[in-house]
Asks: 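One structure is given below, represented as structure tokens, and several questions about it will come after.
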Amino acid sequence: MIKFFLMVNKQGQTRLSKYYEHVEINKRTLLETEVIKSCLSRSNEQCSFIEFKDFKLVYRQYAALFIVVGVNDTENEMAIYEFIHNFVEVLDDYFSRVSELDIMFNLDKVHIILDEMVLNGCIVETNRARILAPLLILDKMSES
């Protein structure tokens, strides 16, 4: 099960965070700081899976952005690694070459995409067309 989902830039600034388990606000900041430090300090040759406290971190770097997913011990790391890639491909489809600015200025749409893919910490959809369908409908409604 997914515990949290983070998008972070190389400077360590969180661009998106979504928690699927309750974590107090002050503890979120501390957790994000520790998670970001542990991911940013690793080299490209090192594995993208980290044992961290009572869960695992699976992360992937795309240009200047890191996507970090915290999962419980029973979750398949490779499945989460592929989920991250699928998420980025969906963003690329929607924004046509997604960038950090797209995420910052369209945070609501990124949340909609993530919500279509993950429900209560479980991956429920991976089909790009089905994930983007609600957003495309919203876009059509806003145009008219």
Asks: Applying the 4.5 Å side-chain criterion to the ILVMFWY set and letting contacts propagate, would L16 and I36 be lumped into a single cluster?
Replies: no
Asks: With sequence neighbours left out, which residue pairs that include part of residues 72-87 fulfil the salt bridge (Lys or Arg N to Asp or Glu O under 4.0 Å) condition?
Replies: K56-E77
Asks: Please test V58 against I50 for side chain to side chain contact (heavy atoms under 4.5 Å, CB included), starting from the C-alpha separation and ending with a verdict.
Replies: CA-CA 7 Å; V58 180; I50 304 171; over 6 Å; no
Asks: Can you list the residues that meet the side chain to side chain donor-acceptor pair (under 3.5 Å) rule with S142, with sequence neighbours excluded?
Replies: none
Asks: Distance from F87 atom CZ to I113 atom CD1, nearest 0.5 Å?
Replies: 6.5 Å
Asks: Got a sec, which pairs hit ring-ring contact (aromatic ring centres under 6.0 Å, His included) with one end in residues 88-118, sequence neighbours left out?
Replies: none
Asks: Please determine whether residues F49 and Y62 belong to a single hydrophobic cluster, defined as Ile, Leu, Val, Met, Phe, Trp and Tyr linked transitively by side-chain heavy-atom distances below 4.5 Å.
Replies: yes
Asks: Say whether M104 and L91 are linked into one hydrophobic cluster, either directly or through other cluster members, by side-chain heavy-atom distances under 4.5 angstrom.
Replies: no
Asks: Look only at the side chain of D92 and the backbone of V98, and say whether a donor-acceptor pair between them is shorter than 3.5 Å.
Replies: yes
Asks: What pair of heavy atoms forms the shortest contact from F55 to N72, and how long is it?
Replies: CB-CA, 4.4 Å
Asks: Do V110 and L135 share a hydrophobic cluster (ILVMFWY, side-chain heavy atoms under 4.5 Å, transitive)?
Replies: yes
Asks: Please, which pairs that meet salt bridge (Lys or Arg N to Asp or Glu O under 4.0 Å) have at least one residue in residues 22-51, sequence neighbours excluded?
Replies: E34-K53
Asks: Keeping to residues at least two apart or across chains, list the salt bridge (Lys or Arg N to Asp or Glu O under 4.0 Å) pairs with something in residues 102-115.
Replies: K18-D115, K109-D139
Asks: Any chance you could measure S48, atom OG, to Q46, atom CD, to the nearest 0.5 Å?
Replies: 9.5 Å
Asks: Before you tell me yes or no, could you show the steps for Y59 and I67 under side chain to side chain contact (heavy atoms under 4.5 Å, CB included), namely the whole-Å CA-CA distance, both residues' side-chain angles and the distance that decides it to 0.1 Å?
Replies: CA-CA 5 Å; Y59 71 94; I67 298 178; over 6 Å; no
Asks: Should the pair R60 and Y81 be classed as cation-pi, given the thresholds of under 6.0 Å to the six-membered ring centre and 45° from the axis?
Replies: yes
Asks: Applying side chain to side chain contact (heavy atoms under 4.5 Å, CB included), run through S38 and L57 and close with a yes or a no.
Replies: CA-CA 9 Å; S38 63; L57 299 176; 3.7 Å; yes
Asks: Check residues 2-12 and write down every donor-acceptor pair under 3.5 Å in which the side-chain atom is one partner and the other belongs to a residue at least two apart or another chain.
Replies:
from: N9; atom 1: OD1; to: Q11; atom 2: N; distance (Å): 3.1
from: N9; atom 1: OD1; to: G12; atom 2: N; distance (Å): 3.1
from: N9; atom 1: OD1; to: Q13; atom 2: N; distance (Å): 2.8
from: N9; atom 1: ND2; to: Q11; atom 2: OE1; distance (Å): 3.3
from: N9; atom 1: ND2; to: Q13; atom 2: OE1; distance (Å): 2.7
from: N9; atom 1: ND2; to: E100; atom 2: OE2; distance (Å): 3.0

Asks: Taking atom CD1 of I103 and atom CG of L107, what is their separation to the nearest 0.5 Å?
Replies: 8.5 Å
Asks: Hydrophobic clustering (ILVMFWY, side-chain heavy atoms < 4.5 Å, transitive) - are V118 and V68 grouped together?
Replies: no
Asks: Quick one: salt bridge (Lys or Arg N to Asp or Glu O under 4.0 Å) partners of R128, sequence neighbours excluded?
Replies: E89, D93
Asks: Could you pull out all residues at least two apart from K140 that satisfy salt bridge (Lys or Arg N to Asp or Glu O under 4.0 Å)?
Replies: none
Asks: For E116 and R130, which heavy atoms make the closest approach, and how far apart are they?
Replies: OE1-O, 4.2 Å
Asks: To the nearest 0.5 angstrom, please state how far the CD1 atom of I80 sits from the CD1 atom of I123.
Replies: 4.0 Å
Asks: Please tell me if the side chains of N44 and Q61 come closer than 4.5 Å, counting only heavy atoms from C-beta onward.
Replies: yes
Asks: What do the steps show when you test N86 against M117 for side chain to side chain contact (heavy atoms under 4.5 Å, CB included), and what is the final call?
Replies: CA-CA 10 Å; N86 189 38; M117 296 178 79; 3.4 Å; yes
